[in-house]
2 protein chains.
Amino acid sequence: MATIYEVAALAGVSPATVSRVFNDRPVSAAKAALVRAAAETLRFTPNRTARSLRKQNSEVIALVIPDIENPFFTTLARAVEDRAQAAGLSVVLCNSDDDPEKEARYLDIAISENMAGVILAPASDHSDLSAVIARRRPVVAVDRTTGFDIDSVMIDNRPAGRAATDALIAAGFTRIACIAGPLGIVTADERRGGWGDAVQDGAEGAGSELLRFGNYRVDGGRSAMLELLALSDPPDAVVVSNNLMGVGALEVLAEAVRTPGAVAPGFGVAIIGDLPFATFAPAAITVVHLPVRELGTAAADLLIARIAERAAGERAGSDVDAAPGAGTRIPARTVVLAGEIVPARILADG
Amino acid sequence: MATIYEVAALAGVSPATVSRVFNDRPVSAAKAALVRAAAETLRFTPNRTARSLRKQNSEVIALVIPDIENPFFTTLARAVEDRAQAAGLSVVLCNSDDDPEKEARYLDIAISENMAGVILAPASDHSDLSAVIARRRPVVAVDRTTGFDIDSVMIDNRPAGRAATDALIAAGFTRIACIAGPLGIVTADERRGGWGDAVQDGAEGAGSELLRFGNYRVDGGRSAMLELLALSDPPDAVVVSNNLMGVGALEVLAEAVRTPGAVAPGFGVAIIGDLPFATFAPAAITVVHLPVRELGTAAADLLIARIAERAAGERAGSDVDAAPGAGTRIPARTVVLAGEIVPARILADG
DNA sequence: AGCGTTCCAGAAATCGATTTCATCCGCAAG
DNA sequence: CTTGCGGATGAAATCGATTTCTGGAACGCT
């Protein structure tokens with residue numbers, strides 16, 4: 001494959017000149033034309049590895065998400081990508097599979113591939129960002145918090161949990177269960193908190209037997225729902241903490257509905273997060289729509305701003321590289337987006 | 001951030017020795033210990049950019065897919081990743097968004113980042129792989145064909161289309177429509193062909209008014225289904241060519257079912273591809289299950305084999321680099337996997 | 001005409017690793 | 001006691017670009 005030297009040789013100029021042509025630095029029109037022609041015939045593309053080794057950065061950002069199969073994150077990915085493309089950046093997606101170790105590996109790759117920045121939906125709240133921060137690479141957290149002082153974009157989870165529950169209370173349900181996410185995941189804790197606030201004020205029985213913890217996946221929703229229905233004094237409605245567990249809960253309900261007497265007709269369901277695709281429900285469902293696209297867009301914008309800022313800083317020749325914990329110029333910003341309650345309906349559209 | 005030189009200085013050895021320690025080449029135990037200690041205190045990680053510039057390859061593979069929001073591809077991604085991880089490779093995902101230009105950009109990145117290989121689900125059958133093939137980077141095509149002589153993993157689409165249609169015929173339906181995918185997409189053409197074969201033999205009316213082309217997305221399924229139901233002599237069943245259009249079609253049917261007289265009760269539906277998550281259907285649905293995980297696994301295995309082969313070749317010091325069209329040692333292999341018919345049922349599980 | 005800018009272009013240093021090559025050492029065989 | 005071999009180690013070349021440094025030509029100004 002062609003290198004800059006071969007192009008230079010063919011065009012009869014120095015490699016430096018070839019580089020200048022490809023970087024829009026002043027070169028006489030005549031030589032520029034020669035270079036372009038030579039590059040054309042050799043099908044030359046600059047080697048990004050060499051370039052980024054020298055320039056110490058690339059035009060690629062990493063988006064690290066915990067579950068590629070969750071539509072929440074794919075929608076997020078989509079939004080990030082759209083924004084990044086517009087800014088001339090390519091996005092590579094890394095699936096951490098909720099595994100801090102895999103996540104760490106991808107963060108390592110991002111650093112040592114000199115990627116321009118990282119958007120991270122943390123697998124846990126113990127994600128270790130010290131390495132990437134020490135190298136002064138911009139990082140933005142989405143959806144979940146980290147212990148680090150970085151830009152982040154979050155959803156206002158507690159009100160979302162509250163809104164979902166209030167909607168059920170308003171609809172007349174009195175015994176409202178909650179299928180919460182894993183303990184220790186901040187989004188899960190807060191949504192559960194919102195439910196707790198609402199049931200305390202409005203409905204009977206915040207009793208812990210109505211509170212179940214799932215794994216944020218379909219099977220977790222299934223088993224939690226089964227347990228709830230098997231209670232001697234079962235709930236008449238349920239708030240589910242995320243989309244996938246919502247699917248699981250609905251599956252169980254759909255089966256129960258067909259088993260006469262297994263569940264009261266008109267069981268109430270509220271789900272925090274949008275259902276994937278059309279989910280034809282056996283019951284009316286209240287959904288708290290989460291602004292996922294906006295989440296991604298905001299994260300991308302924050303990251304792009306940081307990257308620009310960093311580039312400007314380098315151009316000005318700053319010296320603060322040495323101090324590992326040195327603060328960034330602009331303090332970390334946090335964007336919080338609110339969910340939006342969508343009235344109960346039978347059919348969610350894709 | 002620490003470089004190999006700083007580690008060398010701290011340990012009192014040469015950079016070469018540090019490199020040897022990190023590459024498991026013979027180094028005396030004493031020096032190795034010194035190096036490791038130094039690396040530890042400096043929190044040194046080898047810079048991948050420099051490494052891959054020198055070694056001319058990396059331990060990262062690219063998976064380029066046309067639609068990150070389609071569960072078909074995310075499942076594929078999952079399978080590829082699992083296999084790659086086991087082989088010590090990291091996977092970065094690139095969303096081409098069905099846009100040949102974006103696809104080309106990602107292929108470029110893969111090449112010039114010296115990635116170990118590429119698994120490509122082509123956006124179109126015009127995808128230009130010449131650059132990556134010229135650089136002798138292993139590529140494997142999945143799901144769709146390319147014009148190039150490379151390893152590929154496909155689904156046996158025509159029989160899948162046929163099986164879906166036959167199932168409806170067997171269930172007694174007589175006027176079976178088809179919502180096909182875009183013209184020119186090989187998977188779409190073949191599935192439609194399978195439907196054509198079946199209706200010719202078994203059912204009435206292969207008339208072109210029963211054949212609609214969609215865009216493989218939810219809205220395409222919706223509009224095609226609406227058109228079919230609006231026919232003066234509407235079908236009594238439909239074969240849908242992919243999962244997302246299946247969702248769209250089901251949405252429309254669900255609405256129609258609630259409108260008395262709009263559609264015959266017991267309208268037949270067969271979908272090629274698994275429905276995303278639990279899709280609670282208003283009708284019994286026949287699904288042709290596609291072995292997506294196996295598709296991904298097979299693709300990853302083929303790629304990993306090629307990468308190993310290439311590495312072995314380099315080690316032996318082959319010379320064929322010059323010839324751009326030079327054939328690979330082992331001829332291209334194509335793996336074809338069959339779909340599997342799943343009898344009609346009401347509720348698909350996630 | 002002389003001097004100082006400005007601008008273009010090439011030579012060479014640089015990024016951070018790997019790898020070749022050469023050296024040096026110890027140890028065994030003759 | 002010498003020769004030879006093999007293993008450990010360092011010096012230096014290398015990967016392919018970018019960037020600094022420097023020389024030289026062209027141009028303007030007095």
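Just so we're clear, the structure is a prediction, and the values are computed from it rather than from any experiment. Residue numbers start from 1 in every chain, and the chains themselves are labelled A, B, ... in the order their sequence lines are given, proteins ahead of strands.
- Looking at B:Arg51, its side chain has no donor and acceptor atom pair within 3.5 Å of the base of C:dT18.
- Counting heavy atoms from C-beta on, the side chains of B:Ile304 and B:Leu89 come closer than 4.5 Å.
- What separates CG of A:Leu53 from P of D:dT18 is a distance of 11 Å, to the nearest Å.
- As judged by a 4.0 angstrom heavy-atom cut-off over every strand, B:Ser112 is placed among residues making no nucleic acid contact.
- Between B:Gln56 and D:dG16, a side-chain N or O to OP1/OP2 separation shorter than 4.0 Å is present.
- The distance between atom CG of A:Asn47 and atom P of D:dT14, rounded to the nearest whole Å, is 18 Å.
- For the helix from C:dA1-D:dT30 to C:dG30-D:dC1, the end axes, each set by the C1' atoms of five terminal pairs, are bent relative to each other by 50° (nearest 10°).
- The separation between B:Asn57 atom CG and D:dT14 atom P is 20 Å, rounded to whole Å.
- Closest contact between the side chain of A:Lys55 and the listed nucleotides D:dG16, D:dG10, D:dT19 involves D:dT19.
- With a 6.0 Å radius and a threshold of 12 heavy atoms from other residues, nucleotides or ligands, A:Arg333 has its CZ atom above the threshold.
- Atom OH in A:Tyr5 sits roughly 11 Å away from atom P in D:dT14 (whole-Å rounding).
- The phosphate of D:dG10 (OP1 or OP2) has a side-chain N or O of B:Ser14 nearer than 4.0 angstrom.
- Nearer the 5' end of DNA chain D, as judged by each residue's closest nucleotide, is the contact made by B:Lys31, out of B:Lys31 and B:Arg54.
- Interface residues of residues 19-28 of chain A facing DNA chain C, ordered by number: A:Arg20, A:Pro26, A:Val27, A:Ser28; criterion, heavy-atom separation under 4.0 Å.
- To the nearest angstrom, C1' of D:dG10 lies 13 Å from CD1 of B:Ile4.
- Considering only side-chain N and O atoms, B:Thr49 lies nowhere under 4.0 angstrom from the phosphate OP1 or OP2 of C:dG16.
- Residue B:Ala50 places its side chain closer to C:dA17 than to any other of D:dT19, D:dA11, C:dA17.
- Contact of the A:Val13 side chain with the A:Val27 side chain is not registered, since no non-hydrogen atoms from C-beta on lie closer than 4.5 Å.
- Protein atom CG of A:Asn114 is 13 Å distant from nucleotide atom C1' of D:dA17, rounded to whole Å.
- Tested against A:Arg144 for a side-chain contact (heavy atoms from CB on, under 4.5 Å), the candidates A:Asp125, A:Ile185, A:Leu120 yield a single pass: A:Ile185.
- The residue A:Val18 sits apart from the nucleic acid: no heavy atom pair falls under 4.0 Å.
- No side-chain donor from either of A:Thr49 and B:Thr49 sits under 3.5 Å from a side-chain acceptor of the other.
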